[in-house]
Amino acid sequence: YNELNDKRESSFEKTIADFFGAPYAVATDCCTNALELSIRITDYANIKIPLHTYVSVPYMLMKNGWQFTFTNEKWKGYYNLTDRVIDAAVYWKKDGYIPGTLMCHSFFKSKHLSTDRGGIILLDDKDKYDDLIKLVYDGRDRSDIPFYKQKCGFGYHYYMTSENAKLGLQNFEKVKDKDPIEKNWDWYTPVNQYSTEFDNLL
């Protein structure tokens, strides 16, 4: 991590936050990890997930040992994993941020805005924003000070790269005014068709 990465990523975060109308944004390496961090800093209880979603989401929950239940929700645009955490991987709408939530978006190459691989968390809680900044950077500050000279806390290696942030800024100008292809619950294959590991949870 270095000063160039900080400038590009911070610029990308501000651009996306302004578009969606959110006070803060923290970029990540993918949407699934954005969801994981959002749940970690809010609440593990009452996690629900529709069968029609991306398969990495229930696997992420299982990896962390978090209990959840499947639903048959026919969601449009986004769905709630918890009261505050929203999977908005395929959602694209100007001023579409929902206050009081941690809204997670995907910038995978098939999404409306692509960084090739990446995600972001939109939120309006300054304390949780400060926590997330450290969580995505191995518990360290955003700076070019070597990690071994910092007093690091708890964190993960989940940050967006400088190259992905640069690509996202370039592509944003191409798609910001275009109508997205609507993707809802029926865009996804039910996750239980991928693996028998989910059978006992149905």
Side-chain angles (χ1 to χ4, degrees), residues 1-38 49-50 52-57 60 73-81 84-125 128-129 132-133 135-137 142 157-189 191:
Y1 195 80
N2 54 44
E3 184 178 358
L4 177 60
N5 196 82
D6 187 20
K7 288 181 178 179
R8 285 177 174 172
E9 191 168 3
S10 296
S11 180
F12 178 71
E13 288 168 340
K14 186 178 187 311
T15 296
I16 300 303
D18 288 349
F19 178 85
F20 277 97
Y24 307 104
V26 179
T28 61
D29 59 343
C30 69
C31 183
T32 303
N33 287 341
L35 290 168
E36 177 183 342
L37 295 181
S38 296
I49 181 172
H52 291 263
T53 188
Y54 190 59
V55 70
S56 69
V57 181
M60 175 271 292
E73 180 184 357
K74 292 179 171 57
W75 54 271
K76 290 189 176 182
Y78 56 86
Y79 65 86
N80 280 68
L81 274 168
R84 296 189 63 187
V85 178
I86 296 177
D87 184 345
V90 295
Y91 186 61
W92 184 263
K93 183 180 179 182
K94 185 169 178 57
D95 296 322
Y97 172 69
I98 299 173
T101 69
L102 286 83
M103 211 167 182
C104 303
H105 300 265
S106 172
F107 304 117
F108 189 64
K109 56 187 176 183
S110 62
K111 300 302 190 294
H112 184 72
L113 171 61
S114 171
T115 63
D116 186 51
R117 172 183 168 84
I120 207 164
I121 304 168
L122 301 176
L123 67 164
D124 56 8
D125 187 317
K128 285 185 169 42
Y129 167 77
L132 285 167
I133 288 294
L135 273 177
V136 299
Y137 295 110
R142 268 192 182 177
H157 202 67
Y158 286 176
Y159 65 85
M160 178 179 282
T161 66
S162 174
E163 292 76 15
N164 288 142
K166 178 182 178 182
L167 182 60
L169 288 167
Q170 292 171 344
N171 288 339
F172 177 80
E173 294 304 317
K174 302 174 186 177
V175 304
K176 63 180 182 180
D177 297 320
K178 291 184 177 181
D179 292 330
I181 297 173
E182 187 172 309
K183 297 175 180 177
N184 301 308
W185 68 276
D186 53 354
W187 191 66
Y188 289 94
T189 301
V191 295

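Sequential numbering from 1 along the given sequence is applied to the chain's residues.
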Is [Y] close to [X] at the side-chain level, that is, under 4.5 Å between some pair of heavy atoms?
X	Y	result
L35	M60	yes
L102	L132	yes
L135	Y158	no
I121	V136	no
F107	N164	no

Who are the side chain to side chain contact (heavy atoms under 4.5 Å, CB included) partners of [X], not counting sequence neighbours?
X	value
K109	S114, D116
E73	P50, T71, W75, Y79
K111	A89, V90, S106, F108
Y54	S56, Y188

Return yes if some donor-acceptor pair links the side-chain N/O of N171 with the main-chain N/O of L113 below 3.5 Å, else return no.
no
Tabulate below the donor-acceptor pairs under 3.5 Å that side-chain atoms of residues 172-180 make, not counting sequence neighbours, or state none.
residue: E173; atom: OE1; partner: K176; partner atom: NZ; Å: 3.0

Looking only at heavy atoms, what is the nearest atom pair of [X] and [Y], with distance?
X	Y	result
A25	I120	CB-CD1, 3.8 Å
A22	L122	CB-CB, 3.9 Å
R84	G100	NE-O, 3.2 Å
T28	A34	OG1-CB, 3.6 Å
S110	W187	OG-CH2, 4.4 Å

Please round to the nearest 0.5 Å and tell me the distance separating atom [atom1] of [X] and atom [atom2] of [Y].
X	Y	atom1	atom2	result
K74	N184	NZ	CG	12.5 Å
R117	E163	CZ	CD	14.0 Å
S38	M103	OG	CE	11.5 Å

Report the residues that fulfil ring-ring contact (aromatic ring centres under 6.0 Å, His included) with Y97, sequence neighbours left out, ordered by chain and then residue number.
none
Across all chains, not counting sequence neighbours, the ring-ring contact (aromatic ring centres under 6.0 Å, His included) partners of W92 are F19, F20, H112
With sequence neighbours excluded, what pairs up with [X] under the side chain to side chain donor-acceptor pair (under 3.5 Å) test?
X	value
D125	none
Y24	none
D29	N33

Candidate pair M160 and T115, rule side-chain contact (heavy atoms from CB on, under 4.5 Å), full reasoning
CA-CA 9 Å; M160 178 179 282; T115 63; 4.2 Å; yes
Neighbour count >12 (heavy atoms, 6.0 Å) for atom NZ, K166:
no
Which pairs pass salt bridge (charged side-chain N to carboxylate O under 4.0 Å, His left out) with one or both residues in residues 13-26, sequence neighbours excluded?
E13-R142, K14-D18
